[in-house]
Each structure stands twice: as C-alpha cells, then as structure tokens.
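These numbers come from a predicted model, not from an experiment.
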Amino acid sequence: MGWPGKWKRKIGQNVHSEEKLHLEDRNRGHSPSVRSFVPEAADTVKQQAGGDMVILLQNWKKRVRRYKIYRGLLGIALAAGCMSLMAALYYYVDSSIPSVINVRAGEEDSFHLGLPATGEIVSVTDRGVSNIPQGAVDIDLSRTVTLKAAMESSYRMKVKLFGFLNFKDVNIRVIEDQQLIPVGAPIGIYVKTDGVLVVGTGEFQGGDGVTYSPGRYILKSGDYVRKVNGTPVNQKDEFIRLVEESGGEEIVLEVERDGERMNVEITPVKNSAGEYKIGVWVRDNAQGVGTMTYIDSRGNFGALGHGITDVDTSTLMHMEGGTLYQTDIVDIQKGSAGNPGEMTGMIIYSNDRILGEITDNSVRGIFGICNQKALEMGAREPLPIGLKQEIEKGTAQILCTVDGYTRYYDVEITAVHLDHDNVNRGIELTVTDPDLLAVTGGIVQGMSGSPIIQNGKFIGAVTHVLVQDSRKGYGIFIENMLEH
C-alpha cells in the first residue's frame, strides 16, 4: 500500500533536515553530540569509578578489620582452650600421683600409676641429706612398681614427667603392718568445747528502749572465749554469770581466733529485764550420733572418719574432752534425691552406758580409749589394713547397723583418688545392696564411720553422702585415719 503524499513530504523533509545538520557539523570538524557530551560523561564516569573504588576500599578495610578481630578472638579462644587443657592435664597428673605413699615394713607393696614419668628415690637422714647416690634408684612410673623396705623409715621420691621435667616430691613412708577390728556399731557422742564457742552476735533491747549489740564487730562466729577478766571459762553458764556480774563495767575477754589468742574489750549493757548482756550466742558442748569404725590392738578406737564441726559455724570444734555412749537407733529417715536422710539415736547419759573417752577431734575423725564395754562390741576377727594403692574399682562391703543388727552390705567402689584435696573423700562408692536401699535409701547421716572392706582388707570408712543421690557417697582411706 502506498503512503500518502503529505506524509512522504514530511518524512522526506525531516530526513533532509537531519542530514543537513550532520553535514554542517562535519564541516565544522565535530558533531554536536560529541562536543557537548564526551567531557561531561568522562568526568561523571571518573567520579563514579572513584566513588566505587572508595567504597570497595572501605569494604575491604572493614573485612580486614573483621578478619583481624575474628582471628584475635580465635587466638584467644585457642589459647584459653590450651590453658584449660593444660590445667586439667596438670590436675589429673598431680592427683594421680599421691603426695604420700605408705608401704609395710618387711613386705612387698606394689602400685601402678601408669604415667609417663620417672621417679628417683633418695633416703632422708636426720640432717636432710640423702645417703643414696644420685641416680642409683630410678623407677619407671608407667609400669607397676614394687617396693620393699626392711624397717620403718622415710624416703623421698623425686618425680619427673617424661623423665626430665621436675614435677613433685612424693614421701614414701615405711609403716608397721597392723590389723584392726571393724566395728560398725552406732555410738552416741558428747563433747565439751575447750572454752566457750561464739556461735553468733545479735541485738537486744536495753532498759531505755534502745537497741544494743555490744559484741558486734568485736566477736565473731567461731571465736573461743577462754577467759573473762582473767578468769578461765569452759561452761556457758559461767560465761553468762561473769558478764552479768560486771555491773556494766568494761570487761576483757581472752579470745582464740584462727589459732591465735588476743584480748578484746566489751562494755555490757543492761537489757529490758535488768540483766547485763553483750549480745552473743554461745555454746559449750555438742552431741550427735555416728558409727564406730575400728578398735586397734591397744584398745583405742576411731570413729566417724571426719571431725565434729559446729552446726552453726561449720568449724572444727576445739575439744576439751568428750565421752562415747552406747546408743540405740530409734528411727531412720530414708534418703532421697535432695534429702540425705538420717538415723535418730537415743542417748542415755548414764555411767553404765559409757563406751570410752574421746581424746582427739580431728579432720580425720574422733579418737579415744575404749572401756571394757566397748571392747566387747569388737567381737569380730581383726583384718589387715589395705593401703590406698591396693584399692580397686569394683565390689566392696560396708559394715553398719540399721535394723538392730550389725552386718555387711554390698557397695560398688566407682573411683579412687590417690591424692584428693579433701582428705575425707579419697573413695567414691555407690550402695548396691537391695536390703540397705530398702531401709535407708543408701547412705544416711549417722552412718559416718562405717567400715569399708574389700578383698578381705580394711580399706576405709564412709564419711559423706551425695545430697543429689543418696545411694552415692565418699569414704576416707583407713591409712589416713590412722595418721591422726
């Protein structure tokens, strides 16, 4: 189809004009589009390229900074992890090598540490000088070691990791072999404090209606008051009487605190009842129920496997003296998760029920002298002691009285810590005997001191129960009890 003439002309005219314009521009040597656009576009491109380059550089610097930060954090984490691993390894090796190894005189005793270390044994004379030539006795601690000494004496073993890194010194003590009678019977305990124990301080209302606390900031929990104005005191009633007789005059107390003695001055104040007080709570004795562990060949006893501590201050009680009583278990609160349970005993403080005298209260237990009545409780045959390096993971028995009869119950030894920080927790055990679990739920308060027997040897005593699981608990090595 043909185009209309008028449209042909217009199109032709437009084309002609456009060609004419381009010819004119070429005659001038350049086109208007190049002349007007190229310089501005170049500047724009440069600016845009420069801006993009700046952004790229900024992003690159940010990535570099982030990379450095991540690398630094990773390095710190790696260093912390290595330090934690080294600390854990150090603790494991240190706890696997006991600070003290006891061996029996005249007998061969073996132990196996299984560590990449060597030990050099030297003798210790009264002058602290070894009479064994250096390097004469070297031991490979990665293998089973057997020692034998003819007489009671002491040696020192210098332990080196990998044979060249000095690590620690181990005391080797040659002890007399002995046998102990396991008892496992409940006992009532009564001890007198050496001085008057300060349990805490408090306030009281004076006769004028004002609140007073003269003893605050002067006395504290765990203090033992030995004297009041030079007069020795061992009973709570004596202490209260001397304070009341002061008439409000300043008094001087001789106090023992953390093993040191000092004098402090306090001015009593009259309370609303007209009595002179200093605002302290005191105690002069403690009572409880536990289990007798052993009787030795000389008629001495050991019990509890841990010391008697004050219930309020949690400190080991300084004891002036104490008495052991025969007791009867009247009730048992069964242990459960979060509740350790306890045995309740009835103590009758009469002379015909006395079992002996308590002479020592230490972190390893209470110790003393048996009378004839107590000796009759030790009717079982004596057993040889088992040293800690002889204890094995596996089946063992504890001897205790929970139903009126003293008998053995099965337990499982789950771990042995040859050099535990806590002297009372060298043995970890779990009660497995269904009869004992049915009565007590495991280990309950009052069973402390129950003998632990393994392979016919007396190896330790029960000391603690695990609150989260009453089936599980801890024990002390019998050799540690004998060191009191």
Side-chain angles (χ1 to χ4, degrees), residues 91-104 107-117 119 139-148 157 159 170 172-175 177-182 184 293-294 305 364 380-400 407-434 436-437 442-443 447 449-466 469 471-483:
Y91 178 79
Y92 169 75
V93 175
D94 184 64
S95 60
S96 298
I97 302 175
S99 298
V100 177
I101 297 178
N102 291 322
V103 297
R104 303 175 185 85
E107 295 188 16
E108 290 187 353
D109 282 306
S110 300
F111 62 90
H112 180 72
L113 300 180
L115 297 172
I139 297 174
D140 184 357
L141 297 179
S142 64
R143 301 180 179 182
T144 299
V145 178
T146 301
L147 300 176
K148 182 177 181 179
M157 179 170 65
V159 177
V170 176
I172 299 177
R173 298 190 306 209
V174 184
I175 62 174
D177 190 21
Q178 59 180 307
Q179 295 186 336
L180 303 173
I181 299 173
T293 306
Y294 68 82
R364 291 171 169 81
R380 285 178 171 76
E381 290 295 321
L383 296 176
I385 63 172
L387 302 176
K388 58 187 175 185
Q389 62 266 23
E390 299 174 325
I391 302 174
E392 303 171 351
K393 293 182 182 180
T395 303
Q397 293 79 38
I398 61 173
L399 180 65
C400 59
R407 62 190 185 97
Y408 287 103
Y409 296 94
D410 291 333
V411 299
E412 184 85 6
I413 294 179
T414 57
V416 182
H417 304 287
L418 297 179
D419 203 33
H420 199 284
D421 295 337
N422 191 321
V423 70
N424 313 106
R425 302 191 179 192
I427 302 172
E428 291 187 31
L429 56 90
T430 301
V431 175
T432 58
D433 197 293
L436 185 58
L437 291 172
I443 300 169
M447 287 172 59
S450 299
I452 306 174
I453 312 299
Q454 186 182 59
N455 298 327
K457 293 184 178 181
F458 200 145
I459 63 171
V462 175
T463 56
H464 295 83
V465 59
L466 193 65
D469 187 348
R471 299 173 304 153
K472 299 180 180 180
Y474 299 93
I476 184 174
F477 299 124
I478 193 64
E479 62 188 84
N480 286 350
M481 285 192 72
L482 295 174
E483 291 175 2

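Annotation: side chain of His464 is in contact with side chain of Arg425 (closest heavy-atom distance under 4.5 Å). Looking only at side-chain heavy atoms (C-beta outward), Pro98 and Val100 stay at 4.5 Å or farther from each other. Two residues are said to be in side-chain contact when any heavy atoms from C-beta on lie closer than 4.5 Å; Asn455 and Glu390 fail this criterion. Residues Ile175 and Leu482 have side chains not in contact (no heavy-atom distance under 4.5 Å, counting atoms from C-beta outward).
Between Arg143 and His112, the shortest heavy-atom contact is C-ND1, 3.4 Å. In plain terms, the two heavy atoms of Met157 and Ile172 that are nearest each other are CB-CD1, 4.0 Å. Between Ile413 and Ala396, the shortest heavy-atom distance links the atoms CD1-CB, 3.8 Å. Considering every non-hydrogen atom in both Asp433 and Tyr409, the closest pair reads OD2-CA, 3.6 Å. For Glu392 against Gln454, the heavy-atom pair with the smallest separation is O-NE2, 2.8 Å. Between Gln397 and Val411, the shortest heavy-atom contact is N-CG2, 4.0 Å.
Side chain of Thr463 to main chain of Tyr474: a donor-acceptor pair is present (N/O by atom type, distance under 3.5 Å, no hydrogens or angles). A side-chain donor-acceptor contact under 3.5 Å links Asn424 to the backbone of Gly305. A donor-acceptor contact shorter than 3.5 Å links the side chain of Asp469 to the backbone of Arg471. Listed for the Arg380 side chain is no donor-acceptor partner under 3.5 Å among the backbone atoms of Pro182. At distances below 3.5 Å, not a single donor-acceptor pair connects side-chain atoms of Ser450 with backbone N or O atoms of Cys400. Remark: the backbone N or O of Ser110 is not paired with any side-chain donor or acceptor of Gln389 at under 3.5 angstrom.
Applying the side chain to side chain contact (heavy atoms under 4.5 Å, CB included) test between Ile452 and each of Ile398, Ile391, Leu399, Thr293 identifies Ile398 as the sole match. The side chain to side chain contact (heavy atoms under 4.5 Å, CB included) test with Val431 is passed by exactly one of Val465, Leu437, Val462: Leu437.
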*Decide side-chain contact (heavy atoms from CB on, under 4.5 Å) for Leu113 and Leu418; before the verdict, give the C-alpha distance in whole Å, the side-chain angles of both, and the deciding distance to 0.1 Å.*
CA-CA 10 Å; Leu113 300 180; Leu418 297 179; 3.9 Å; yes
_Trace of the side-chain contact (heavy atoms from CB on, under 4.5 Å) decision for Gln179 with Glu381_ = CA-CA 9 Å; Gln179 295 186 336; Glu381 290 295 321; over 6 Å; no
*Given side-chain contact (heavy atoms from CB on, under 4.5 Å), test Asp419 with Ile97 step by step and report yes or no.*
CA-CA 7 Å; Asp419 203 33; Ile97 302 175; over 6 Å; no
*Would you sort out whether Leu387 and Arg104 count as a side-chain contact (heavy atoms from CB on, under 4.5 Å), showing the intermediate values?*
CA-CA 9 Å; Leu387 302 176; Arg104 303 175 185 85; 3.9 Å; yes
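A distance of 8.5 Å separates CG in Leu436 from CD1 in Ile443, rounded to the nearest 0.5 Å. Going from atom CG of Leu429 over to atom OG1 of Thr414 covers 7.0 Å, rounded to the nearest 0.5 Å. To the nearest 0.5 angstrom, Ile459 atom CD1 is 13.5 Å from Lys388 atom NZ. Interatomic distance, OG1 of Thr144 versus CD1 of Ile139, reported as 12.0 Å (0.5 Å rounding).
Side chain to side chain, Asp410 and Thr432 fail the donor-acceptor criterion of an N or O pair below 3.5 Å.
By the side chain to side chain donor-acceptor pair (under 3.5 Å) test, Asn102 pairs with Arg173, Glu479, sequence neighbours left out.
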